[in-house]
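No experiment lies behind these values; they were computed from the predicted model shown. A note on names: the letters A, B, ... follow the listed sequences, proteins ahead of strands, and every chain is numbered from 1.
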There are 2 protein chains.
Amino acid sequence: MGKTNIRIKDIAEKAGVSTGTVDRVLHKRGRVSPVAEKKVLEVIEALNYQPNFIARALGANKNYTLAVLMPDPALDPYWSAPQKGLEAAAADYNSHGITIEKFIYNQNEVQSFADTSERIFSKKFDGVIVAPLFFQQYLPFAKKCGEENLPLVLFNTNIKEVPKLSFIGQDSYQSGRLGAHLLSTGLRLDPGEILLLHLADDLENSAHLMRKEEGFKDYFEQQEGRQRILAVNIKSPINENLVNHLDALLDNYQDIKAFFVTTSKAYEVAAYLEGVGLQDKLLVGFDLIEENISYLNKGVIDFIINQNAYRQGYQSIESFVDFLVLKKEVNDLLYLPLDVITKENVKYYLPQA
Amino acid sequence: MGKTNIRIKDIAEKAGVSTGTVDRVLHKRGRVSPVAEKKVLEVIEALNYQPNFIARALGANKNYTLAVLMPDPALDPYWSAPQKGLEAAAADYNSHGITIEKFIYNQNEVQSFADTSERIFSKKFDGVIVAPLFFQQYLPFAKKCGEENLPLVLFNTNIKEVPKLSFIGQDSYQSGRLGAHLLSTGLRLDPGEILLLHLADDLENSAHLMRKEEGFKDYFEQQEGRQRILAVNIKSPINENLVNHLDALLDNYQDIKAFFVTTSKAYEVAAYLEGVGLQDKLLVGFDLIEENISYLNKGVIDFIINQNAYRQGYQSIESFVDFLVLKKEVNDLLYLPLDVITKENVKYYLPQA
DNA sequence: AAATTTTGCGTGTGCGCCCACACATTCAAA
DNA sequence: TTTGAATGTGTGGGCGCACACGCAAAATTT
């Protein structure tokens with residue numbers, strides 16, 4: 001680089017020591033006299049030294065293997081987005097020596113998480129990326145990682161009780177408010193009932209869904225409040241149960257104007273509405289999965305809130321690159337944007353294959 | 001890296017040539033016999049060689065200076081966003097040897113573009129990043145760049161008539177449709193007039209604004225069409241002219257329900273509406289500038305469509321990094337997402353200082 | 001006081017790639 | 001034929017950094 005860029009060598013010269021000493025100071029490896037250390041730090045400060053990350057990455061010349069612990073995309077298509085993000089990032093950071101190994105668990109079985117997570121310790125990894133859907137089972141796993149000095153990056157679901165390197169995800173409460181805003185705009189002159197649907201088997205274990213509900217309700221309470229919110233949870237088998245429930249609900253409450261689905265299964269509701277000719281009702285859901293996109297394009301789903309699942313996966317790897325390879329500081333909490341998706345802008349959000 | 005990663009040296013060995021020859025083949029520098037070239041290419045194919053971009057960037061060890069030709073952020077705050085993006089990217093890619101030099105023109109004076117652009121040729125640059133607001137003046141400039149072999153990256157405004165490396169921006173037509181969708185959702189049961197406002201001095205020269213109008217109108221024509229669109233252009237001094245125009249319009253058309261501002265000056269309309277107590281009218285505008293954000297948070301502006309101006313700047317630099325340093329292929333057309341911003345998700349879109 | 005260990009510091013090598021240079025060979029021009 | 005240019009190929013140095021190694025001096029231990 002030009003004369004503007006200062007290198008370790010330059011610092012060494014100015015400080016009257018060797019590059020090795022500067023290196024030791026930079027990496028806090030010890031074996032440096034207080035006098036030399038002070039001098040080096042002063043010069044670093046004075047010259048405003050910025051390490052060359054390119055050279056650092058090349059010089060490090062290490063391989064890092066990361067374990068990825070996440071639910072099975074085959075059982076819930078939502079998870080294919082973060083998986084793609086993880087794989088894309090792994091490919092992009094191949095030059096940095098990053099490799100991933102996936103450990104897939106069954107999100108419908110608590111025990112599967114425990115079993116699969118245990119398998120991670122059979123090999124030596126440099127870090128673990130995990131979507132910890134099960135709070136109770138995650139705790140001992142995280143504890144063990146701590147003991148083995150395995151840094152943890154969480155995505156999708158935040159668990160604050162145990163130390164971690166970083167969490168990457170979205171603010172569930174705020175996403176509830178956002179959904180409320182969208183529906184509120186659509187209903188502004190039109191009071192009535194809004195149906196909030198959790199389509200999840202383990203609502204008890206899903207704190208983030210409850211956070212969405214809170215945000216959603218809070219928003220309307222702070223408005224004039226002409227809308228009434230009905231919150232309902234429907235478990236699997238969804239397609240059967242949904243029809244029964246919705247038939248009954250629409251029968252009881254004539255004034256249901258809109259639907260808010262807190263999970264990625266808005267397409268199930270869309271299918272129902274289309275079936276009974278109610279596709280004009282407002283419907284807002286989450287996540288850019290194929291089924292939802294299809295109903296979005298048909299106009300049955302009005303808005304999709306995108307939680308950037310792909311980005312979550314990609315960013316998880318990047319956090320580790322920053323930490324392991326570049327030794328940058330990493331933020332322990334990163335909220336990704338909550339994108340509002342419509343038929344008109346959806347194409348810009350799909351990861352280009 | 002591990003034994004999995006193959007290097008130029010490995011290719012050279014397998015192909016029975018030296019690394020220099022492989023290098024020549026990789027960079028198409030010529031001076032390679034057809035026989036050797038064929039053999040090398042075969043080995044590259046067979047081993048699925050992936051260049052190590054880290055090493056490539058380091059080894060290149062070149063400095064690249066890019067000229068940036070853009071309007072003055074002091075005259076229109078919109079331009080501070082791409083400027084920040086450009087500066088941030090320049091800082092991030094400092095290690096790659098990238099430096100930028102800015103050439104700021106006055107977007108209100110055609111001649112200023114011509115004069116400023118001319119100054120770029122006084123020095124040797126490796127590339128030019130330009131927001132070409134003036135079609136007529138851009139053409140000769142681009143021609144001259146072509147003659148001097150200066151690669152061009154455009155952002156914000158696309159001009160297809162002359163060759164370029166890449167365009168980074170948004171799809172104006174589609175952003176018009178998106179705005180229409182947002183208003184349409186808010187007005188679904190409520191026919192009436194919608195006021196489409198161009199707040200721009202040189203509408204004639206601003207093809208992208210007309211594209212927005214087209215998209216907006218097309219959307220409503222394809223709907224049932226109970227809304228009527230009134231398109232109006234208001235020139236500076238905006239604050240004066242706006243009041244007069246809007247007073248008159250609201251007087252003539254009692255049924256105006258919503259406003260769509262195609263430029264970044266929705267805040268002017270917001271100020272007016274707030275002043276006359278009509279803050280409940282729907283208002284959709286463009287761009288995350290401070291003034292707009294303020295009215296968004298107050299609830300006067302309902303949606304802002306974000307054209308990712310910051311990202312446009314950042315990405316412009318990245319295109320050049322890919323092209324100059326990493327010798328990757330670069331896409332000649334990159335549409336950035338059209339983000340829908342509300343009070344609830346705005347904070348995730350602001351570039352963290 | 002001798003034998004160790006610890007501390008402090010410098011040197012050297014390698015990461016994978018780029019590119020300048022040197023050399024050999026071939027081919028065309030004088 | 002002689003000269004020169006064009007073509008084909010290999011070698012070596014360097015980018016900035018990380019890290020292993022080696023050696024001296026100081027601090028401990030025996």
With nearest nucleotides of DNA chain D determined for A/Pro51 and B/Ser18 from heavy-atom distances, which residue corresponds to the more 5′ nucleotide?
B/Ser18
Assess whether a salt bridge exists between A/Arg24 and A/Glu37, defined as any Lys/Arg side-chain N lying under 4.0 Å from an Asp/Glu carboxylate O.
no
What's the closest nucleotide to the B/Tyr49 side chain, out of C/dG10, C/dC18, C/dC17?
C/dC17
For A/Asp23, which residues count as a salt bridge (charged side-chain N to carboxylate O under 4.0 Å, His left out) partner, sequence neighbours excluded?
A/Arg29
Show me the side-chain donor-acceptor pairs of residues 317-337 of chain B shorter than 3.5 Å, one per line, residues at least two apart or across chains.
residue	atom	partner	partner atom	Å
B/Glu318	OE2	B/Tyr93	OH	2.8
B/Ser319	OG	B/Gln315	O	3.3
B/Lys327	NZ	B/Leu324	O	3.1

Taken in chain and number order and not counting sequence neighbours, the residues that satisfy side chain to side chain contact (heavy atoms under 4.5 Å, CB included) with B/Ala88 are B/Tyr310, B/Tyr314
Can you measure B/Asn52 atom CG to C/dC18 atom C1' for me and round it to whole angstrom units?
13 Å
Would you be so kind as to tabulate the donor-acceptor pairs closer than 3.5 Å made by side chains of residues 144-163 of chain A, with sequence neighbours excluded?
residue	atom	partner	partner atom	Å
A/Lys144	NZ	A/Glu118	OE2	2.8
A/Asn156	ND2	A/Tyr78	OH	3.1
A/Asn158	OD1	A/Lys164	NZ	3.3

How sharply is the helix from C/dA1-D/dT30 to C/dC27-D/dG4 bent, taking the axes over five pairs at either end and rounding to 10 degrees?
40°
Relative to the 5' end of DNA chain D, which residue comes earlier, B/Ala55 or B/Gly16, by the nucleotide with the nearest heavy atom?
B/Gly16
Quick one: ring pair (Phe, Tyr, Trp, His ring centres under 6.0 Å) partners of B/Phe125, sequence neighbours excluded?
B/Phe103
Rounded off to whole Å, could you give me the CZ-to-C1' distance for the A/Arg56 and D/dC17 pair?
8 Å
Among residues at least two apart in sequence or on other chains, which ones pass ring pair (Phe, Tyr, Trp, His ring centres under 6.0 Å) with A/Phe121?
A/Phe141
Round to a whole Å and report the spacing from NZ of B/Lys9 to P of C/dC18.
16 Å
Rounded distance (Å) that lies between atom C1' of D/dG16 and atom CG of B/Asn63:
14 Å
Does any residue of residues 19-35 of chain B have a heavy atom under 4.0 Å from DNA chain D, and if so, which ones, in number order?
B/Thr19, B/Gly20, B/Thr21, B/Arg24, B/Arg31, B/Val32, B/Ser33
Pick out which of B/Ile11, B/Ile8, B/Leu26 makes a side chain to side chain contact (heavy atoms under 4.5 Å, CB included) with B/Thr19.
B/Ile8
For A/Leu58 and D/dG14, give me the distance from atom CG to atom C1', rounded to whole Å.
12 Å
Please state how far atom NZ in A/Lys38 lies from atom P in C/dG8, giving the value in whole angstrom units.
16 Å
Provide, to the nearest angstrom, the distance between the CD atom belonging to B/Glu37 and the P atom belonging to D/dT9.
10 Å
With sequence neighbours left out, the residues meeting side chain to side chain contact (heavy atoms under 4.5 Å, CB included) with B/Arg7 are B/Lys9, B/Asp10
Check the distance between D/dG16's C1' and A/Leu326's CG and give it to me in whole angstrom.
14 Å
Between C/dC18 and B/Lys327, is there an OP1 or OP2 to side-chain N/O distance shorter than 4.0 Å?
no
